Amino acid sequence: MDVARATALCAVADIPLEGGVAALVDGVAIAVFRTHDGSVHAIGNVDPFSGASVLSRGIVGTRGDAPVVSSPMYKQAFDLRTGACLDDASVSVPSYDVSVVDGVVLVRGVR
Amino acid sequence: MTKRQRIVVVGHGMVGHRFAQAAVERGLTETHDIVVFGEEPRAAYDRVGLTSWFGHPDGAEALSLLPGGVYDDPRVRLVLDSVVTEIDRAARTVTVVSPPSAGSRDGRQGALLDQRGEPGAVTVHDYDVLVLATGAAPFVPPVEGRGKDGCFVYRTIEDLEAIKAASEAATSGVVIGGGLLGLEAANALVQLGLDTHVVEMAPRLMPVQLDDVAGVTLVRHVEKLGVQVHTGVLTEEIEGDRSVTGLRVRQAGTEEGARTEVVEAQVVVFSAGIRPRDALARECDLETAPRGGVLVDEQCRTADPHVFAIGECAAPGGTMYGLVAPGYAMAEVVVDALLDGPGTFTGADMSTKLKLLGVDVASFGDAFATTEGALELTYADAVSGVYKKLVVSEDGRRLLGGILVGDASAYGILRPMVSSGLALPDNPEQLILPAGSGVRLGMPDEAQVCSCNDVTKADILHAVAEQGCEGVADVKQCTRAGTTCGSCVPTVKNLVEEHFASVGRVVDKGLCEHFRLTRQELFDVVAVHGYRRFDDIVEAHGTGRGCDVCKPAIASILASQTSTHILEPATAGLQDTNDKYLANIQRNGTYSVVPRIPGGEITPEKLIVIGEVARDYGLYTKITGGQRIDLFGARMEQLPAIWKRLVDAGFESGHAYGKSLRTVKSCVGSTWCRFGVQDSVGLAIALELRYRGLRSPHKLKGGVSGCARECAEARGKDFGVIATEKGWNLYVGGNGGATPAHARLLAGDLDTQTLVSYLDRFLMYYVRTADRLQRTSTWIEQLEGGLERVREVVVDDSLGLGAELEAEMARHVGGYADEWAATLADPAKLERFVSFVNAPDTPDPTIAFTTERDQIQPIAPALIPVGAPS
Ligand code: SRM
Ligand SMILES: Cc1cc2nc3c(=O)[nH]c(=O)nc-3n(C[C@H](O)[C@H](O)[C@H](O)COP(=O)(O)OP(=O)(O)OC[C@H]3O[C@@H](n4cnc5c(N)ncnc54)[C@H](O)[C@@H]3O)c2cc1C
Ligand code: SF4
Ligand code: FES
């Protein structure tokens, strides 16, 4: 893994529990979420159905066992672990590798 | 070969008939001949269902348990119209008089005086086995005047015939006794068109089965049906010369001769309890229990091994049981004993469930929590007149008993839990919260569903799964479940439906995959437990971590119940898209800003402020369909600054984003309009300010027109007010939108104060009971009783709830605070209004505008190509 390209985004505490924030990395908007169990996930922020950069503002919850965010625009659910849209198998958003080091959220592999 | 034995049964009532039936079914007639003597002129009939005789063209036939009056098995002979007058135990004979005198066939007299007539044809019959099944007779307290014409009891078809005949010339009737049977008799008098009263000595109805709250809840229901209830009242005398004219009563606890009151009535029905008919046994020196009933052992045998007693005339172990199920069990036990079986009767569950005047009432097990350490869990919904109480063991593991009024659907699962001692589920309150949750809490296969006929869940499932039963009717036929008192039919229905659901045939009414409850059920769960956090609710009542359906629904429920700011940490994450940023999201991810303009009235200064703000932030401006101004195209991070300008100028949130009150539209009204008869603008403003911020199942809109020309389109709103010469007409349940509906008149010519109190009640009733995303029109439509029901609750205050609903609204009005002002004052709430967590002031690069007709318009963001997950 290319450690050098890890980007520090924010403190993990900046992300509301079961909520998300948007971050800008090299001009790309990514949505970073913290689920109820404390794990952190990152996917693209742009909602592919409307084109608006809004996924970080969706409601975080679960569908079956999958942690999901539902788009605030038209409510499709996206798997936070993979970016796959669970309401339309042909659609997905990018998913990014995130880790938390000393309370700081690091993301890798954006663009 | 042994000689055939001869069984004589005295009494062909429900239990005597069951005995004969069981004897045939179980082969007892292979070795025994049976003769049954019945005093009544007809074969056994369903006494439990006696009341249905009224209003049924062939009432007697419909009730008969043995239509035709002859058993298929020739070894069972039924002799009707015949009274057993004497038992000679030494000779093992009975003396029978038939036909009896007219006196005993006259149900009223015969039962009232418990006397037999003069002898007719007298015959003597041998027996090897004698089974007493003589039932019980109504108890008539020694009240002065009780023999007058117009006094009745309520036990046989003849009693009903007599009551019916007497009612034709009567205008009012009174039932003495407010127990189970008394209320049933009252029901009959109502059906006969009489002005009906019930007088009960105890301070509440059904004192044996119900506690005070349950009794009060029941009184409300019963009074709503037109029965006047007098509790805590003693009957002094029945007035009238030969025929009854009224009942003189006095308050219990007052001195004899204290002030009395007369309840006018031409028909009096005694329903003050029953007494076992044990005279025959006493006369032949068989022991009776201190409180009546032939004393028998666990095999229902008297001290004389040749004589048994079953049903209401018997007292196994000294207790008599005034219900049919224990009687049936006794009949089976005696058949078993005669076949040398091991069956015993060791007591019965005195649980009762019935529908009284259409009201479900059930009481079972230790209903009064007399067990040491017993705890009570209660649920009361005065809106719908439901009261439920569970009595639970000290360790919370076992159900000991309970009371259900208004909704007894859970009875089917609760009663078996008491008798089988099954462990309670972890959330026992689910058992009493609304809507057939009983079914979902899987009952064990061995649970007895029908107590009258001892049918278990397994029997029922077997009938549907293996025996091809297609519905409840088939199952009844196949298993006998539900064929006696009928109280188990809903449970049978649930089981059948559950089975079909399991093979893919039914719709789930639950909110979403995380909650099997409906919104109304969740509303109640939150109210009962006082929950304030989603986590507590989902942990106790749901699964997973929620979704965009249940989270906003719970956020709305919490907001309706608490008036706390929707962006408090506990609820911020639950809010729907628009609520989350206190603004409506637009197609490009920007937001609109809608300040409240109550009633559409606005000063020039305020108009100018809106214009300046729109100009300074470059927002698109439009007059909305709701008589206010919408500013579009604000970036999320701009919202606080825009709102600061507006709040400083005296504006507040217009809640265009919330499922809450939007606008109260008004016409210009009597101040300017030459036709106006009232100040519609003034009222619209007052109403909008009163109900602003009220979180509700769907959005709410109102309208006020100054006269019948209706320029405010008030009847297209959830609540519409139209001025009249005398005041206001109030309409409810209108909307535009996808399925337009016209509001309908709820009440007319109201003064402003009454109007407001009705509206308070109406809106709170809606908030409490409607489903998620149900506008008022569909809510009213789906409410049992529809608009009429709403009128009863809101206008007639039939449930006595008005004050409570108004108090809830007063709490809302008092707790209101402008959401935007509060947000601006709280740095923690403002933290979320940043574009990017690592670049808070960088505008979202995907947002761009062009210009059209001198204002901005969003450019559709280039749809980003959809990529595979990286
Ligand atoms: C702005 C406005 C249109 C306009 O330019 O005039 C409007 C705009 C929206 N309407 Fe509306 N409605 C507007 C008046 C109406 C009216 C007319 C009225 O109120 O007199 C109706 C029909 C009357 C009614 O509601 O009974 C109306 C029926 C709807 C419906 C359908 C409701 C229904 O019961 O079928 C929706 C969808 C919903 O609420 O689920 C809706 C939903 C919406 C939403 C909130 C959709 C959304 O979630 O983004 C729109 C965004 C508003 C925004 O961004 O500010 N809007 N909408 C009007 C704002 C009124 C206001 O000042 O608050
Ligand atoms: C209006 C009403 C509603 C009820 N609702 C319910 C309910 O919801 N649930 C419930 O469990 N129970 C209910 N009951 C009670 C139930 O009807 C009785 O428990 C049941 O009928 C008892 O059966 P039994 O055979 O012991 O007595 P009965 O059905 O009274 O039968 C006894 C029969 O014996 C006859 N008889 C008496 N003496 C002689 C004699 N010497 N010679 C010949 N014949 C004689 C009588 O005339 C009568 O026909 C209700 C009763 C009434 C009146
Ligand atoms: S509804 Fe009547 S009072 Fe109001 S503006 Fe129209 S005509 Fe005038
Ligand atoms: S419980 Fe009475 S018929 Fe089933």
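In the text below, chain A, chain B and the rest are named by the order of the sequence lines, each starting its count at 1. Model, not experiment: these values are computed from the prediction. Excluded from the calculations below are hydrogen atoms, water molecules and symmetry mates; all remaining heavy atoms, backbone and side chain alike, are included.
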For B:H541 and B:E521, test the side chains for any donor-to-acceptor distance below 3.5 angstrom and give the result as yes or no. no

Examine the side chains of B:S653 and B:Y657 and answer whether a donor and an acceptor come within less than 3.5 Å of each other. yes

Structural part of [X] lying under 4.5 Å from a heavy atom of chain A:
X: B:D576; answer: both
X: B:T842; answer: side chain
X: B:I847; answer: neither
X: B:D844; answer: side chain

Could you tell me whether A:D37 atom CG has more than 12 heavy atoms of other residues or ligands within 6.0 Å of it? yes

Charged N to carboxylate O below 4.0 Å: is that the case for [X] and [Y]?
X: A:R63; Y: A:D87; answer: yes
X: A:R81; Y: A:D65; answer: no
X: A:E18; Y: B:K551; answer: yes
X: B:R695; Y: B:D579; answer: yes

For A:C10 and B:V837, which heavy atoms make the closest approach, and how far apart are they? CB-CG2, 3.8 Å

Select one option (side chain, backbone, both, neither) describing which atoms of A:V68 are under 4.5 Å from chain B's heavy atoms. neither

Looking at [options], which makes the most heavy-atom pairs under 4.5 Å with chain B?
options: A:A23, A:A8, A:G61, A:G58; answer: A:A23
options: A:V54, A:I30, A:L9; answer: A:L9
options: A:G64, A:G20, A:G44; answer: A:G64

Below 30° counts as parallel, above 60° as perpendicular, anything between as tilted: where do the rings of B:F515 and B:F534 land? perpendicular

If the contact rule is any heavy atom under 4.5 Å from chain A, which residues of residues 821-833 of chain B qualify, in numerical order? none

Using salt bridge (Lys or Arg N to Asp or Glu O under 4.0 Å) as the criterion, list what pairs up with A:R34, not counting sequence neighbours. none

